[in-house]
Amino acid sequence: MGKNIVQKILEEHIIEGNWYPGKEIAVKIDQTLTQDATGTMAYLQFEAMGIPKVQTELSVSYVDHNTVQIGFENADDHKYLQTVAKKYGIYYSRAGNGICHQLHLERFGRPGKTLLGSDSHTPTGGGIGMIAIGAGGLDVAAAMAGEPFRMTCPKVVKINLKGKLKPWVSAKDVVLKVLEIFKTHGNVGTVFEYGGEGVKTLTVPERATITNMGAECGVTTSVFPSDKETKKFLEAQERGDQWIELKADSDAEYEKVVDIDLNTIEPLTATPHSPGNISKVKDMKRMEVNQVCMGSCTNSSYRDMMIFAELIKGHPIHPNVSVVVSPGSKQVLEMLANNGRLKDMIASGVRLAENACGFCIGNSQSPQTEAVTLRTSNRNFLGRSGTKSANAYLVSPETAAAAAITGKFIDPRDLENQGIKYPKIQMPDKFIINDDMIIPPSEDRDVEIYRGPNIGDPPKNEPLPAKVEGLVTIKVGDEITTDHIIPAGSKMKYRSNVPKYSEFLFEVVDDSFYERAKEIKEKGKHNIIVGGISYGQGSSREYAALCPMYMGVKAVITKGMERIHKANLVNFGIVPLEFVNEKDYEKIEQGDELEIPNIRDALSGSKDKLKVVNKTKGIELEASFNLSEREKEKILAGGTLNVIAQKKGG
Ligand code: SF4
């Protein structure tokens with residue numbers, strides 16, 4: 001029986017277990033990446049493991065999230081990251097060099113390798129033929145320490161691309177089409193593998209746009225073959241020697257095959273407040289637009305910036321629109337500066353932002369009240385832009401350019417009526433290579449690590465008690481994202497200070513959560529969270545588990561939970577439970593007093609269900625837990641760090 005690409009790469013990396021979809025496997029990780037917002041805690045955890053040097057082939061620490069340095073906290077974190085990288089043999093990409101995923105694709109990604117990153121958009125690396133997976137910082141720290149990554153052996157769905165995209169339609173529209181088909185939930189444990197004749201028509205950066213936003217479907221990762229296009233891209237990055245061919249066998253098996261005809265895709269948009277709300281751009285009724293944001297790890301490659309620049313060239317930005325452009329990397333910015341497109345964009349009136357996450361994470365460029373903001377990024381969750389009343393629409397660079405010059409949410413094809421032709425962008429034979437902003441690992445282990453006053457030790461948890469007794473501190477609905485659980489934006493600077501950061505838990509949905517949780521904790525009771533379907537989707541931020549753990553949350557009961565968030569809860573000793581009967585969700589209200597008797601015994605035994613008593617309503621219901629023995633061990637110990645400490649005899 002033939003093999004698909006996912007199976008070929010993973011089988012080469014399996015350390016424990018076998019290729020058997022649905023079963024746990026332990027996989028060797030070749031490369032890791034961290035970004036500053038999740039990386040600081042990941043390295044604090046790595047330090048706690050007591051390993052003298054990273055054990056991977058390559059680990060990179062990027063600084064791209066908290067680059068708006070208001071106050072000392074972020075700069076202190078950057079200095080900490082730089083010194084910790086030097087001490088432990090890690091590449092350090094300085095602030096100003098660019099966004100981790102764009103940079104990793106340019107300078108480090110290699111077909112056939114495994115990459116684990118403390119960022120949910122790590123699957124961007126699938127565009128170059130890697131198995132690239134997002135995880136919590138603690139899992140990445142463990143991988144740096146040489147531990148394999150434990151995951152469910154995935155089901156592989158083939159997305160068979162046919163035909164060729166028409167002018168004015170691009171990779172962003174393809175992945176929005178994928179989101180229309182697969183939605184933002186129900187895909188846990190799946191990998192999307194792209195194949196078919198249409199693959200050849202897409203460049204590596206276009207493929208990376210598609211794998212980047214596969215994260216919004218909740219899949220483990222997405223991957224493209226490694227072919228002549230991949231080779232061309234690597235050669236242009238002076239890394240041609242790192243190319244290998246990767247393709248599926250002709251008789252490879254898949255869970256299912258879904259055809260997408262690229263010819264038939266139209267310009268699409270994700271409307272507020274979910275990347276899964278897909279509509280045609282032409283149905284947006286020429287709505288007035290207040291802001292356009294061009295960039296983010298989804299659409300900030302040379303190809304995307306060039307198409308945007310070419311389209312607005314010679315046209316002033318519409319007076320009612322604020323347009324911000326943030327190239328994905330120093331390489332992209334330098335190339336735009338050299339070929340004159342940067343000058344053209346500045347002449348048109350764009351606001352040039354740093355090569356960083358910036359607007360995407362809501363730590364700058366928050367739009368006006370009730371704004372219509374068009375963004376080429378990957379998430380439009382409520383409040384993520386930094387303005388809760390704003391309506392964010394996710395669009396392609398082409399649609400963004402059309403709005404920038406017309407002030408209207410128009411189908412970019414309408415620009416032809418204004419005499420604007422669709423430009424053809426040639427990929428360069430050679431990119432500008434200058435790695436001066438990347439500090440390579442040194443052999444010097446005698447390094448003093450810098451720790452600013454904002455950097456605290458990772459909080460500790462107690463082992464799981466015999467029973468959980470507490471109150472439902474919050475009951476939330478479906479598709480609660482980690483952005484809802486713990487916001488980013490201006491609050492991110494507190495990520496090295498968990499007690500302070502915890503004050504913002506659930507701020508977007510209920511700003512009184514923190515006070516209630518604190519009161520319950522101070523009374524010696526446990527906090528319990530109740531949620532709907534697809535709880536914890538979105539960002540990989542482990543703070544969505546770490547801060548609740550700090551506030552005394554012991555269990556989260558939902559109708560369904562996303563992969564990375566569930567792993568993070570386990571890592572911090574919180575029990576992830578699911579209603580056996582979904583209708584029981586209705587039988588619990590916020591403020592109800594719950595007891596989960598014998599929870600420790602339940603997790604120590606062989607059963608996968610337990611009883612939850614709603615003392616307020618006088619009823620009992622059943623919840624299940626789908627946990628491996630290793631995951632149970634972590635929860636019983638109070639989290640992964642406690643397991644490691646026990647093994648070290650601490
Ligand atoms: S999604 Fe936004 S915040 Fe996250 S890595 Fe990409 S650009 Fe940065």
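Start at 1 and go down the list; that is how both ligands and their atoms are numbered.
For Asp436 and Lys330, the salt-bridge test fails: no basic side-chain N is under 4.0 Å from an acidic carboxylate O. At a threshold of 4.0 Å, the pair Lys172-Glu398 does not count as salt-bridged, since none of the basic side-chain nitrogens sits closer than that to a carboxylate oxygen. In summary, Lys491 and Glu507 engage in a salt bridge, as defined by a charged side-chain N under 4.0 Å from a carboxylate O.
Residue-level proximity to ligand 1 for Met492 is absent, since no heavy atom of it falls below 4.0 angstrom.
For Ala215, the side-chain contact (heavy atoms from CB on, under 4.5 Å) partners at least two apart in sequence or on another chain are His121, Arg379. Considering only residues two or more places apart in sequence or on other chains, Ser222 meets the side-chain contact (heavy atoms from CB on, under 4.5 Å) condition with Phe192, Tyr194, Thr211, Val219.
For ligand 1, the atoms closer than 4.0 angstrom to any heavy atom of His101 are 5 (S). Numbered from 1 in the order shown, with element, the atoms of ligand 1 that lie under 4.0 Å from a heavy atom of Arg384 read 1 (S), 2 (Fe), 3 (S).
Ligand 1 lies nowhere less than 4.0 angstrom from a heavy atom belonging to Met213. Asp64 does not count as a contact of ligand 1, since none of its heavy atoms falls under 4.0 Å from the ligand.
Phe513 and Phe506 have their aromatic ring centers within a separation under 6.0 angstrom.
Pairs passing the ring-ring contact (aromatic ring centres under 6.0 Å, His included) check and including a residue from residues 364-393, sequence neighbours excluded, read Tyr393-Phe409.
Using modelled atom types, one side-chain atom of Lys388 and one backbone atom of Val508 make a donor-acceptor pair closer than 3.5 Å.
Less than 2.8 Å away from atom 2 (Fe) of ligand 1, the protein contributes these N/O/S atoms: Cys360 SG.
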